[in-house]
Protein chains: 2
Amino acid sequence: MGNKQQITERIAALLKDSKLSVTETRTKILELFMKSNGALEHSDFEKLAGKSFDRVTVYRTLQTFLDKGIIHKIPTTDTSVRYAVCKSECTEHHHHDHHVHFKCEACGHTICLDETNIPEIQLPKGFAANNVEVVVSGVCKSCK
Amino acid sequence: MGNKQQITERIAALLKDSKLSVTETRTKILELFMKSNGALEHSDFEKLAGKSFDRVTVYRTLQTFLDKGIIHKIPTTDTSVRYAVCKSECTEHHHHDHHVHFKCEACGHTICLDETNIPEIQLPKGFAANNVEVVVSGVCKSCK
DNA sequence: TAAATTTTGCAACATTGTTGCAAAATTACA
DNA sequence: TGTAATTTTGCAACAATGTTGCAAAATTTA
């Protein structure tokens with residue numbers, strides 16, 4: 001776990017690794033990701049942080065994190081965009097996003113199942129796969 | 001294939017099966033789905049149909065088709081919502097949407113790979129799956 | 001064909017996402 | 001450490017997308 005101080009330091013290191021300035025907004029948004037232990041969408045930040053930062057800043061911060069490979073998007077069937085923090089193997093230039101996303105229909109949370117591998121999918125002749133996204137919905141461990 | 005007349009009749013029958021009035025808008029939107037042979041998003045209808053019908057009507061028509069199980073949504077990582085027509089096994093109360101969706105990075109089209117089955121995914125203990133969505137991106141047959 | 005029902009279009013509004021620019025914060029470096 | 005260069009933020013204004021109520025029009029019922 002680690003105390004608040006340690007988390008802040010870890011976040012600062014993460015930002016510096018990505019050659020980003022360490023700012024209050026970025027630190028706070030990353031804290032929210034770590035606390036939530038799941039996927040967040042845009043409106044969550046405004047709720048969770050009590051509009052302590054501007055809407056525009058949130059958009060730009062998330063875009064920056066995406067560009068640097070700190071977070072990734074999770075596919076949804078509605079108009080919301082959900083984000084989750086990447087594991088260490090992700091970099092600006094290469095994403096290893098080959099894990100399953102799980103959306104609980106009871107609590108509404110989306111989490112990354114990092115240990116669950118995506119099986120090989122046999123595409124029809126002539127199709128070349130580049131990336132595979134899997135979203136499972138159902139009931140999660142906590143809501144069972 | 002069948003000529004225009006036959007298609008119109010098939011669409012009318014489909015609508016009647018779902019206990020929906022046969023209207024110009026609904027017929028036209030279903031025609032667009034059949035012509036496109038893939039997934040459409042909202043803006044497509046306004047483009048393809050040359051704003052011959054109202055934005056609001058499109059929203060409501062798609063929602064109605066969803067409710068009746070005539071079309072289904074396809075997950076995306078952006079804010080757009082993509083729709084495709086369901087196969088015959090889908091009904092108002094039960095969706096058999098267990099096929100793979102393929103998004104071509106070259107032409108931008110999303111299609112349903114109806115013959116491609118989704119392999120069993122081994123979830124961690126305590127998780128119960130209800131539905132599995134798979135979206136593969138890459139290069140399609142036509143763009144290869 | 002007339003009445004009952006359903007659907008559509010308009011207007012008005014709510015939400016979500018984007019851009020330019022000046023002020024503020026952070027970083028680089030003497 | 002203090003100052004200049006750079007980066008980030010917040011505001012305002014705008015654009016795009018989605019929603020609701022209600023009266024007019026179209027479709028279905030019988």
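Every chain is numbered from 1, with letters handed out A, B, ... down the list of sequences. Just so it is clear, the model here is predicted, and its values are computed rather than measured.
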On DNA chain D, check which nucleotide each of B:His42 and B:Glu24 is closest to and give me the residue with the more 5' one.
-> B:His42
Looking at [options], which one has an atom nearest to any side-chain atom of [X]?
X: A:Thr23; options: D:dG10, C:dT6, D:dT9; result: D:dT9
X: B:Val56; options: D:dT7, D:dC11, D:dT20; result: D:dT20
X: B:Val22; options: C:dT27, D:dT28, D:dC11; result: D:dT28

If I take atom [atom1] in residue [X] and atom [atom2] in nucleotide [N], what distance separates them, rounded to the nearest angstrom?
X: A:Leu20; N: D:dT8; atom1: CG; atom2: P; result: 6 Å
X: B:Lys28; N: C:dT7; atom1: NZ; atom2: P; result: 19 Å
X: A:Asp54; N: C:dA23; atom1: CG; atom2: C1'; result: 13 Å
X: B:Lys68; N: C:dT6; atom1: NZ; atom2: C1'; result: 12 Å
X: A:Lys16; N: D:dT6; atom1: NZ; atom2: P; result: 20 Å
X: A:Gln63; N: C:dT19; atom1: CD; atom2: C1'; result: 14 Å
X: A:Asp44; N: C:dT16; atom1: CG; atom2: P; result: 11 Å
X: B:Arg82; N: D:dT17; atom1: CZ; atom2: P; result: 13 Å

Donor-acceptor pair under 3.5 Å: do we get one between A:Arg55's side chain and the base of C:dG17?
-> yes
Polar pair under 3.5 Å, donor/acceptor by atom type, side chain B:Arg60, base D:dG18 | no
Sugar-phosphate only, base, or nothing, as touched by [X] at under 4.0 Å among non-hydrogen atoms:
X: A:Arg26; result: sugar-phosphate
X: A:Thr25; result: sugar-phosphate
X: B:Thr79; result: sugar-phosphate

Can you tell me if B:Thr57 uses its side chain to pair, donor with acceptor, with the backbone of B:Phe53 under 3.5 Å?
-> no
Look at B:Thr57 and C:dG9 and indicate whether a side-chain polar atom (N or O) is within less than 4.0 Å of OP1 or OP2.
-> yes
Just one of A:Arg82, A:His101, A:Glu133 clears the side chain to side chain donor-acceptor pair (under 3.5 Å) bar with A:His72, so which one?
-> A:His101
A:Arg26 versus A:Leu20: any side-chain heavy-atom pair under 4.5 Å?
-> yes
Where B:Ile70 and B:Ser18 come nearest, the two heavy atoms and their spacing | CD1-OG, 3.6 Å
Quick check: are there more than 12 heavy atoms from other residues, nucleotides or ligands sitting under 6.0 Å from NE2 of A:His42?
-> yes
